[in-house]
2 protein chains.
Amino acid sequence: MATPPAETRERLLDAAELAFAQEGIQQASLRTITAAAQANLAAVNYHFGSKDGLIREVLQRLVGPINAERLQRVSDAEAKYADKIVPLEELLRHFLEPTLQMFASGRSHIPTLISRFHHETSPAVAETMAAVLEPVVGRFLQALMRSVPSLTIERALLRGQFMVGALLETLSLNPEVLKLMQPAGVDSLPRLNMLDELVTFCAAGFRHE
Amino acid sequence: MATPPAETRERLLDAAELAFAQEGIQQASLRTITAAAQANLAAVNYHFGSKDGLIREVLQRLVGPINAERLQRVSDAEAKYADKIVPLEELLRHFLEPTLQMFASGRSHIPTLISRFHHETSPAVAETMAAVLEPVVGRFLQALMRSVPSLTIERALLRGQFMVGALLETLSLNPEVLKLMQPAGVDSLPRLNMLDELVTFCAAGFRHE
DNA sequence: GACAAATTCAAACAGTCGTTTCATACTATC
DNA sequence: GATAGTATGAAACGACTGTTTGAATTTGTC
């Protein structure tokens, strides 16, 4: 009774999350994962059907809540500003912060894993990723063009890609570089700085011309 | 006599370049590569010692000339402006263009491969990459702080990372997104647009505050 | 406690991987 | 033309991969 059947599933997801981040999604073996989860090798195929099934589940469990929060924040902001426009900086913050919060989540491997998922080209990941991101991209694009009326749709799309690239590069940043950003000693502050830096950099880029 | 011993080496490098881009650096197998190069399976170990040796050689052959051109361009620009400062936009262009030129190189897989090398975390790639990039980063950082005097070293480093991220995201851009950027029909023009877009976006970000 | 469903387990399957071996072919130099 | 050095060839090695099997065990229900 202490361990309902769902527990093995979640131990597997946790172990896979860590192994994917440390070794790479394709490189991490089921034997490594199941050993870390203290589960049997066959458990992955039993619970998720295949390794791809496990990958998809890890991906959705990770980015699902992040994107849900993004959508919620945009809706709240648009409601708050009624029929006035949402300031660009605030809009960007609602897109970037849910991801950057992962730095302070206590699970320090998460930012790396998010970056890995974004750059993974295998069909299992790419298709799931596209499906999960599609509504968020659409929502933010139209909000963006309201916040910066001079923006054409092509430019909004392209600069959105630039912003995502800058964000992902931040997620996979070398810890040494990260150390540069904090007064030393504190460990949760630099992320806020990172968010501000990213917002001002991108906002300036979005507004140009 | 028609085929000196160096030819197999280069066929292997070419085949590896393509396979690494298409399938991933770790995922591409030596059997796939040697078959495409019409060489024997053992040829890789004979010419490069190991798969890691092949990877390192492909990496250096690819990014070596790019970074050499970057350094040359900065030197030329600084000579041209004598003791005056190099305009920020021009400086960024000297950093970005050598990479973006790969879109027009006729080898359409190269941008993807550059992106893969940047995000690869295996020691063989990460160490070689760091060694190759180090002089370029140092050179551009100090030039950057001359072009934008208000910039602190931490900000210059961080915003440099943002720019690299935006560049890499552009390199791995979905062809569908790329199609949005051109009037249709032409195939070499959109890259120039991409360069201009990237330069203005980043220049605005670098200058802010 | 008996029954049925869900879960775990050890073991093996078939396949792929990078690497090595050693024999064969080529290519220069004398 | 024999010889040394370079390159290619077919084949096998051992180690790993994801997946499957079928029996053993645990779990929830009556």
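In this text the structure is predicted, and so the values were computed from the model without any measurement.
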Got a salt bridge between [X] and [Y], using NZ or NE/NH1/NH2 to carboxylate O under 4.0 Å?
X: A/E120; Y: A/R116; result: no
X: A/E7; Y: A/R11; result: yes
X: B/R73; Y: B/E90; result: no

Starting from [atom2] on [N], measure out to [atom1] on [X] and report it in whole angstrom.
X: A/N40; N: C/dA11; atom1: CG; atom2: C1'; value: 10 Å
X: B/I33; N: C/dG18; atom1: CD1; atom2: P; value: 8 Å
X: B/Q27; N: C/dG18; atom1: CD; atom2: P; value: 11 Å
X: A/N45; N: D/dT19; atom1: CG; atom2: P; value: 5 Å
X: B/L41; N: D/dC13; atom1: CG; atom2: P; value: 15 Å
X: B/R31; N: D/dG9; atom1: CZ; atom2: C1'; value: 14 Å
X: A/L30; N: C/dC13; atom1: CG; atom2: P; value: 20 Å
X: A/L12; N: C/dC9; atom1: CG; atom2: C1'; value: 14 Å

Nearest heavy-atom pair of A/A166 and A/L198: which atoms, and what distance?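 Closest approach of A/A166 to A/L198, heavy atoms only: CB-CD1, 3.8 Å.
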
Short side-chain N/O contact to [N] OP1/OP2 from [X], under 4.0 Å:
X: B/S29; N: C/dC17; result: yes
X: A/H47; N: C/dT8; result: yes
X: B/T8; N: D/dT8; result: yes

A/A42 near the nucleic acid: base, sugar-phosphate alone, or nothing, with a heavy-atom cut-off under 4.0 Å?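 Base: the residue A/A42, judged by heavy atoms under 4.0 Å, touches a nucleobase.
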
If you assign each of B/Y46 and A/D52 to its closest nucleotide in DNA chain D, which residue comes earlier from the 5' end?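 By nearest-heavy-atom nucleotide position, the 5'-most residue is B/Y46.
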
